Amino acid sequence: MRFEAIVPAYNEAPTVGRVVAALCASPSVSRVLLVDDGSKDATCDYARAAGAHVMRLKKNGGKGNAMLAGLLRGTTSDFVGFFDADLLTLMPGHVEQLASACVRYDLDMVCGLRDYGLANPVQLFGPIITGERIFRRDVLSMISPSSWSGYAIETAMNDAARRADRRVGCVLLSGLEIRNKTAKQGWFSGMRSHLRMANEIRRAERELVRTDGHSANATG
Amino acid sequence: MATAQTQPAEQAQVVPKGSVVLILNEDQKKTLRNTFFWWMLLSLALGVVAGRASTRLV
């Protein structure tokens with residue numbers, strides 16, 4: 001199984017090169033597409049230098065919007081992977097772990113969870129929130145257009161797989177570290193971004209319960 | 001969330017439709033088991049301490 005990898009990025013120059021290089025070095029990745037969500041730094045240049053195809057969005061529209069743009073306008077394969085651009089230690093082995101789980105267990109969606117050691121049981125009982133996922137393309141077509149915004153997309157992906165009765169697998173990616181928001185934006189602003197993200201996810205979950213996950217085909 | 005153990009390709013497991021599985025290798029399984037064990041031990045210890053403290057309060 002080979003898949004196209006989409007990397008949505010906004011001002012991720014310090015890390016994007018390493019992420020793209022790891023993806024390009026993975027035998028399961030047929031193509032890496034970086035969707036630049038209106039970055040003001042050299043994200044595009046580093047990504048291109050590392051071997052990615054680059055799609056530039058003029059305005060910063062949020063993570064979900066960048067992911068959708070990449071999916072609709074930049075990929076055609078049956079399997080699509082999403083990877084965060086702020087990963088510090090992504091290795092080709094992590095990518096292969098996800099891809100091989102997908103094949104071995106015939107999964108429709110596989111999610112890479114960070115290994116939090118003693119805190120792992122906490123994330124295992126919560127909703128799956130991760131930027132590292134591989135999908136069968138048709139699972140993504142079940143997500144409503146309005147859900148492709150900000151961080152709400154994380155919840156919408158879980159919901160789409162659950163409602164369509166799909167097989168979902170989670171893989172613990174040992175050694176995967178992320179450059180978190182406090183490191184990127186400073187403590188105060190970073191914490192505010194964390195809270196905003198948590199709030200968006202919570203609101204999206206509530207909305208999905210309220211509308212009973214009703215969605216229109218948007219991304220076939 | 002159910003757990004599945006990583007196995008050679010020829011022994012592929014079938015995941016039932018509509019289910020979410022956690023796929024772990026042997027090391028990760030062992031670590032997770034240990035983690036659960038320590039959490040349970042910690043909970044037990046806290047329970048005992050809290051129980052004794054509340055008894056004294058009465």
Side-chain angles (χ1 to χ4, degrees), chain A residues 1 28 93-94 96-130 132-136 138-139 142 154-155 157-176 213, chain B:
Chain A
M1 186 271 281
S28 303
H94 291 135
E96 290 309 301
Q97 235 181 303
L98 292 173
S100 65
C102 207
V103 173
R104 188 168 292 158
Y105 297 97
D106 193 21
L107 299 172
D108 300 301
M109 172 169 94
V110 59
C111 309
L113 303 178
R114 280 167 63 205
D115 192 346
Y116 290 102
L118 275 175
N120 272 337
V122 178
Q123 69 167 338
L124 296 182
F125 292 114
I128 306 167
I129 303 296
T130 175
E132 286 63 62
R133 302 180 190 236
I134 301 175
F135 291 88
R136 264 186 220 281
D138 62 329
V139 177
M142 294 162 195
E154 305 268 347
T155 334
M157 286 170 168
N158 298 339
D159 188 71
R162 187 176 59 81
R163 286 177 193 280
D165 234 11
R166 295 310 181 100
R167 301 179 179 95
V168 178
C170 296
V171 177
L172 272 185
L173 301 175
S174 301
L176 186 65
Chain B
M1 197 184 290
T3 60
Q5 185 183 321
T6 308
Q7 293 188 347
E10 63 271 16
Q11 294 172 16
Q13 282 190 10
V14 179
V15 174
K17 274 190 166 188
S19 61
V20 180
V21 293
L22 177 66
I23 299 157
L24 301 171
N25 61 33
E26 268 310 311
D27 280 349
Q28 289 172 332
K29 274 185 109 175
K30 215 162 102 183
T31 311
L32 199 66
R33 224 177 275 140
N34 283 345
T35 307
F36 273 115
F37 170 77
W38 285 112
W39 272 110
M40 283 182 64
L41 202 68
L42 185 69
S43 310
L44 196 69
L46 284 173
V48 169
V49 171
R52 286 177 72 101
S54 65
T55 310
R56 274 185 204 157
L57 282 175
V58 173

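All values reported here derive from a predicted model rather than from experimental measurement. Each chain gets a letter, A, B and so on, in the order the sequences are listed, and its residues count up from 1.
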Minimum side-chain heavy-atom gap B/V21-A/Y105 below 4.5 Å: no

Considering only distance and modelled atom types, tabulate donor-acceptor pairs under 3.5 Å from the side chains of residues 42-49 of chain B, sequence neighbours left out.
from: B/S43; atom 1: OG; to: B/W39; atom 2: O; distance (Å): 2.7

The criterion is side-chain contact (heavy atoms from CB on, under 4.5 Å); which residues satisfy it with B/L41, sequence neighbours excluded? B/F37, B/W38

Does any part of the side chain of A/I128, heavy atoms only, come nearer than 4.5 Å to the side chain of B/V20, both counted from C-beta? yes

A/R166, part contacting chain B, at a heavy-atom distance under 4.5 Å: backbone

With a 4.5 angstrom heavy-atom cut-off, is it the side chain or the backbone of B/S19 that approaches chain A, or both, or neither? backbone

Verdict with reasoning, A/C170 to B/I23, per side chain to side chain contact (heavy atoms under 4.5 Å, CB included): CA-CA 6 Å; A/C170 296; B/I23 299 157; over 6 Å; no

Distance in Å, A/Q97 CD paired with B/N25 CG, rounded so as to fall on 0.5 Å steps: 7.0 Å

Starting at CG of A/L172, measure out to CD of B/Q28 and round the result to the nearest 0.5 Å. 5.0 Å

